[in-house]
Amino acid sequence: MLEKAYDPSPVEAKWVKAWDAAKLFKSAPAAKRKSYTIVIPPPNVTGALHLGHALNNALQDVLIRWRRLHGDETCWVPGTDHGGIATQNVMEKQLKKDGKTRHDLGRERFLEKMQEWTKDCKNTILGQLRRLGCALDWDREAFTMDEVRAKSVFESFKRLWAKGLIYRGERMVNWCVRCGTALSDIEVEHEERKGHLWHIHYPATDAHRDIVVATTRPETMLGDTAVAVHPDDERYKGLIGAMLKLPLTDYEIPVIADDQVDKDFGTGAVKVTPAHDPNDYEIMLRHPTIGSRKVIGFHGELLPEAGKNYAGLSREKAREKVVADLKASGLLEKVDDHRHAVGVCYRCGSVIEPLLSWQWFVKQIELAKAPLAALEAKKFVIHPESWAKPYRDWLVNIKDWCISRQIWWGHRIPVWYCLDCNDISNKEIHQLPDLVCVVSLSKPEACPKCGGKKGNFSQDPDVLDTWFSSALWPMSVFGWPDKTGDLDYYYPTSILVTGYEILYLWVARMQMMGLEFMGKVPFTDALIHGIVRDKSGKKMSKSLGNVIDPLEMMDKYGTDALRFALLIQARPGKDIPFSEESLTGARNFANKLWNSTRFVLMNLPESPSKPYEAPNDGHCCRELVDDWILAEYKVAIRHAEAAMSAHDPAGALAVLYEFLWDTFCAWYVELAKNRLQGPEGESKEAARAILVHVLNGTLKLLHPFMPFITEELYAALKPYAGESARFLLDASVPTLDDVIVNDMDSPRQKMRTLSEVTIAIRTLRSQLNVPPDLKISVIASGGQDREVGLLKEHQDYIKPLARIERITIDAKASRPPHSATAVAAGMSFFVPLEGVIDFAKERERLQKELVKAEDDVKKIASKVENKDFIARAPESEVALARSQHKAALERQSRLKETLAILS
RNA sequence: GCCCAGUUGGCGCAGCGGUAGCGCGCUCCCUUGACAUGGGAGAGGUCAUAGGUUCAAAUCCUAUACUGGGCACCA
């Protein structure tokens, strides 16, 4: 016998172990079966999993289990990502605690430590995924930096290089001075911040007049090489070509004209700092004579070129000093408040410094063509569709991808520099132009240029952007570049499930790489989900202290409850406001499921002689409520299937929740009690058969969402349901064809009428404070043949639910004195309540009912009395409205009648 | 600045052309042999605003206002 309340922990532990031991989630290419494949978005090895991971993986698990129960050969590939900068930062923070930097350890020792950390972290993460119940094929575990993946990375680099799609060049890059590396454009986040607009006088050398420029970064003026104005700007026409004295320096800079200058912003004159601003760099390319001067270094420090007063200062200190010095020399016109977007590092939040440096890039325009075509041809579909446009726009406006990172943790760039041709001893690689190089995994034999001495090479010290290896993930996990059977069978994968925050960073790049190297999309669909936020919609973060730990929630409420709470709220593409309260409802549902099964089991023989047959229309002793629940069950299946097809697991779950709780438990189980408590016989057996089969099917449908509890209950119900599968996942879900119901409509209509009557009498009881243990008698009066007949036949349904002792059905019965009245289904139900009833109260109650009824009549009458409605609305609508009108009138007149008697 | 999404009871969300639904919260009643992690009943919404289409609009269209997001940024 099951416990009274569901206790998740032992159940979860048991099944995690059993699934694992049975290798339940193992997949192998199966020629005859359709493959359904998902590659996990590999979590970074930066620590433990958070709620976002829980949601992401729960969603994938739902899809995988759902498809498997539908007969597909499902394969879900687990793995982790080395996580480049993010992971290196974690380690550097740890070192910092001991007052050390990575340079104290040296590259080799540092990487050893990283490997150790990674090993631990991987175990933690994979263990958590197991606990979440994820149906991952554990034998396929991959890591973005393991041997197989390293081969994929090298091969793709080599091929792109051979095609001229990878190049090394000097560009204005986004430099994070804290992380000490270049970043790609999408790794920069733009934050709106309060700032200032400093207005600075730049005197003309002839001393006749000066120009005032407006800037948000005064410290960069030390590197100005020009002031630009719009060619049509009348204010500055005479000054174009004139020279200005650059304050605080000895430099003289020209006034130039450039179309890009906005006359209406600031003073209409822009200081031009080509070395530290992407736009100014562009201006320099159009006006090469102005040249550029670098005044800020890679550590965010002011360089000697900035002048001896400033050299060595940080960017922040330099700003303060420049402003102070300008003020002192009277050149600061004014300071305005100014809100503007500041680029910050997506990993550490430091302000990005645009700097010129030599980096490796992937040409994107060519590579973006195939993904755009795939999108156009619907070979790749994004759900929800609203993300397709931003995705396309990004690909259309794509810029080259900077792939080199000046960190240690990652795939080392497979490029070697000939030490005979290049002098690379003095500076860092990213500051050296035009190097002679060879692309090779290991040290090359000879230099293609000088034929140089054997082995006199040095490898590029930098590593590849972590997203470079991630981009290959759907291929590399199946062994690419080797031609493997797995790749043949599983690629393209079925669907990618991820958050919208990495749509460009990752999804777009996988499409590019997949199409480039495989000629096919890496996945045909992408399911984009939202971010898990706190109750008030804020992002969860350690600094805000609003983080909810999924493990803690799993301990407290159970894994299935956590999954349920996340999944039911995971409306397509929408963020999820999450709080601990979300979990109580989920836990309660699990308990409801548990207890409904407990109830069914309690009412079955201890050991079944044989399993119950699946219900069908020829079944003996079927009655109305049986036909009804099967019809409802079928509708639920249809709706759940439709929602899943529409990539809306939350919708499917809502359907199943409602069916189990509000339909199956609230009505069917309650009504089955009649028969279950009665004598053994065919009617009882019929009820048992239906309870078992509908519940069993519902468990299966719910299994993808709540795998543990359903597995446990399925096991308990198995002997009665005639199930032979060892695990629920090896069974199959009920399909629409399995549920045979000839007449869907009539049982549902009949039950609607009966429940209407039940509710009306319950309401009466409640409003008149009739004690629950007081059984009442009811006299049903009036009504059409259909309703009266139905009531006669099925009064046993109503009696226990409304706690009625006796129902007298007499079309002509009149209201006995001392009785209250309920009106439903075109009938009046008189409830004699001598001594209990308060007539004033009853009048008041009926008056309220009447107001409502009159309201109803009015609303519907406005339709029925509308000639245009009758003439233009579909016939079925008109007929429906007419019958509604009739029913409303009937109700109204019955209430009026009763009130008349009472007053 | 451009684009997208949202605006429905106190809160969080469904519904997306035919008389407004769910969960939580709230009020009242109930420990009745599955479940108080439960049951029953109830209060609470002119579905952001203004126009339009339609016999009929929360639902379609157009504006507006807020909110959130994406992209691009003018120093």
> If you pin A/Val342 and A/Met602 to their nearest nucleotides in RNA chain B, which one's is more 5'?
A/Met602
> Which residues in residues 882-891 of chain A have at least one heavy atom lying under 4.0 Å from any atom of RNA chain B?
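Hits under 4.0 Å, by residue number: A/Gln884.
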> Could you please name the partner base of B/C26, counting Watson-Crick and G-U wobble pairs only when both distances are under 3.5 Å?
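Across all strands, the one nucleotide that pairs with B/C26 is B/G42.
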> Strictly below 4.0 Å: does A/Trp661 bring a side-chain N or O up to OP1 or OP2 of B/G39?
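So the side chain of A/Trp661 is within the cut-off, an N or O lying under 4.0 Å from OP1 or OP2 of B/G39.
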> Measuring only the P atom in each nucleotide, how far is B/U8 from B/G68? A whole number of Å is fine.
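After rounding to an integer number of Å, I get 14 Å for this pair.
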> Classify the side chain of A/Lys4 versus the base of B/C35 as yes if they form a donor-acceptor pair under 3.5 Å and no if they do not.
no
> Where along residues 263-277 of chain A does a heavy atom fall under 4.0 Å from RNA chain B?
A/Phe265, A/Val270
> Which value, in whole Å, describes the distance between the C1' atoms of nucleotides B/U54 and B/U59?
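Between the two C1' atoms, the distance is 13 Å.
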> Considering only atom C1', compute the distance from B/A14 to B/C24 and round it to an integer number of Å.
15 Å
> Tell me the partner of B/C35, counting only Watson-Crick (N1-N3 plus N6-O4 or O6-N4) or G-U wobble (N1-O2 and O6-N3) with both under 3.5 Å; none if nothing fits.
none
> So is A/Lys673 actually on top of A/Phe599's ring, under 6.0 Å and inside 45° of the axis?
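Checked: cation-pi criterion met.
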> For B/A50, which nucleotide in any strand shown is its Watson-Crick or wobble partner with both distances under 3.5 Å?
B/U62
> With no hydrogens and no angle check, is any side-chain donor or acceptor of A/Asp258 less than 3.5 Å from a backbone partner on A/Ala228?
no
> When the P atoms of B/C26 and B/G17 are compared, how many Å lie between them, rounded to an integer?
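Those two atoms are separated by 36 Å.
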> For a quick check of understanding: with a heavy-atom distance under 4.0 Å over all strands, which category does A/Phe589 fall into, base, sugar-phosphate or nothing?
nothing
> Nearest to the side chain of A/Thr215, heavy atoms from C-beta on, is which of B/G70, B/G18, B/A75?
B/A75
> OP1 or OP2 of B/U32 sitting under 4.0 Å from any side-chain N/O of A/Lys775?
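It does not, given that no N or O in the side chain of A/Lys775 lies less than 4.0 Å from OP1 or OP2 of B/U32.
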> Determine the contact category for A/Asn866: base if any of its heavy atoms lies under 4.0 Å from a base atom, sugar-phosphate if only primed atoms, P, OP1 or OP2 are that close, otherwise nothing.
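Sugar-phosphate contact only.
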> Output yes when A/Arg339 and A/Glu192 qualify as a salt bridge under the 4.0 Å nitrogen-oxygen rule, no when they do not.
yes
> For the residue pair A/Phe589 and A/Trp661, does the interplanar ring angle fall in the parallel (under 30°), tilted (30 to 60°) or perpendicular (over 60°) class?
parallel
> A/Trp387 has a side chain; which of B/A75, B/A41, B/G69 sits nearest to it?
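So the side chain of A/Trp387 is nearest to B/G69.
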> Can you see if the side chain of A/Arg571 gets near the phosphate of B/C13 - specifically, an N or O under 4.0 Å from OP1 or OP2?
no
> Name every residue in residues 662-674 of chain A that has at least one heavy atom under 4.0 Å from any atom of RNA chain B, in order of residue number, or write none if there are no such residues.
A/Cys665, A/Val669, A/Glu670, A/Lys673
> Measuring only the P atom in each nucleotide, how far is B/A48 from B/G9? A whole number of Å is fine.
8 Å
> In whole angstrom, give me the gap between the P atoms of B/U64 and B/G23.
38 Å
> Within the structure, does a side-chain N or O atom of A/Ser582 lie under 4.0 Å from either OP1 or OP2 of B/C24?
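Negative; the distance criterion is not met.
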> Output yes when a side-chain donor or acceptor of A/Glu877 lies under 3.5 Å from a complementary backbone atom of A/Pro874, and no otherwise.
no
> Does a side-chain N or O from A/His338 land closer than 4.0 Å to OP1 or OP2 of B/A75, or not?
yes
> Once the angle between the rings of A/Tyr657 and A/Phe564 is folded into 0 to 90°, is it parallel (under 30°), tilted (30 to 60°) or perpendicular (over 60°)?
tilted
> Given the P atoms of B/C73 and B/C61, what is the spacing between them in whole Å?
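Nearest-Å result for B/C73 against B/C61 at atom P: 32 Å.
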> Please report the distance separating the C1' of B/C4 from the corresponding atom of B/G10, rounded so that it comes out in whole Å.
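Approximately 30 Å lies between the C1' atom of B/C4 and that of B/G10.
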> Can you tell me if A/Asn588 touches the phosphate of B/G38, counting only side-chain N or O atoms and a distance under 4.0 Å to OP1 or OP2?
yes
> Do any side-chain nitrogens or oxygens of A/Lys399 fall under 4.0 Å of OP1 or OP2 in B/C71?
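For A/Lys399, the contact criterion (side-chain N or O under 4.0 Å from OP1 or OP2 of B/C71) is not met.
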> Which base sits across from B/C71 as a Watson-Crick or G-U pair, both distances under 3.5 Å?
B/G1
> Provide the Watson-Crick or G-U wobble partner of B/G21, both distances under 3.5 Å; none if there is no partner.
B/C13
